[in-house]
Amino acid sequence: MATVPAAAAVRTTPLLLVAVLFGAVAAFLASQALWPLTALAVVVAVAVLAGGVWMTGRKESREL
C-alpha cells in the first residue's frame with residue numbers, strides 16, 4: 001500500500017475540496033433528474049482531482 005507524505009496531502013487538500021464541491025453539485029443535479037449535467041459535474045470533479053494529483057507527483061519527482 002502506498003503512503004502519501006503529509007506535504008502532498010496538504011497540497012492536494014484544496015483540490016479535494018473542489019472535487020467534493022463538484023460532487024455535491026452532481027448530487028443536487030441528480031436529485032433534480034438533470035443527468036447530463038450530473039455526468040458533466042462528475043467528469044469535471046474527477047479531472048480536477050486527477051490533474052492535481054498528477055501535478056503534485058510531477059513536482060515531487062523534480063525535487064528528488
Side-chain angles (χ1 to χ4, degrees):
M1 187 160 88
T3 59
V4 178
V10 169
R11 276 183 255 157
T12 57
T13 299
L15 296 165
L16 186 60
L17 292 174
V18 170
V20 168
L21 176 65
F22 273 102
V25 170
F28 171 76
L29 294 175
S31 71
Q32 303 298 313
L34 300 173
W35 293 108
L37 292 178
T38 301
L40 179 63
V42 169
V43 167
V44 169
V46 169
V48 166
L49 192 56
V53 169
W54 178 75
M55 288 180 66
T56 300
R58 276 187 65 199
K59 286 179 186 176
E60 285 182 5
S61 66
R62 274 195 244 150
E63 291 172 359
L64 294 176

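Position 1 is the first residue of the sequence; numbering continues from there.
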**Q.** V25 with L37, same ILVMFWY side-chain cluster at under 4.5 Å
**A.**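 As far as the 4.5 Å side-chain criterion goes, L37 and V25 are connected within one cluster.
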Q: Give a yes or no on whether F28 and L34 share a hydrophobic cluster (residues Ile, Leu, Val, Met, Phe, Trp, Tyr; joining criterion: side-chain heavy atoms under 4.5 Å apart).
A: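 In one cluster with F28: L34, yes.
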Qualifying residues under side-chain contact (heavy atoms from CB on, under 4.5 Å), relative to [X], sequence neighbours excluded:
{"X": "L21", "value": "none"}
{"X": "L40", "value": "V44"}
{"X": "V43", "value": "none"}

Q) Minimum heavy-atom separation for A45 to A19, with atom names? A)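 Smallest interatomic distance, heavy atoms only, reads CB-O, 3.7 Å.
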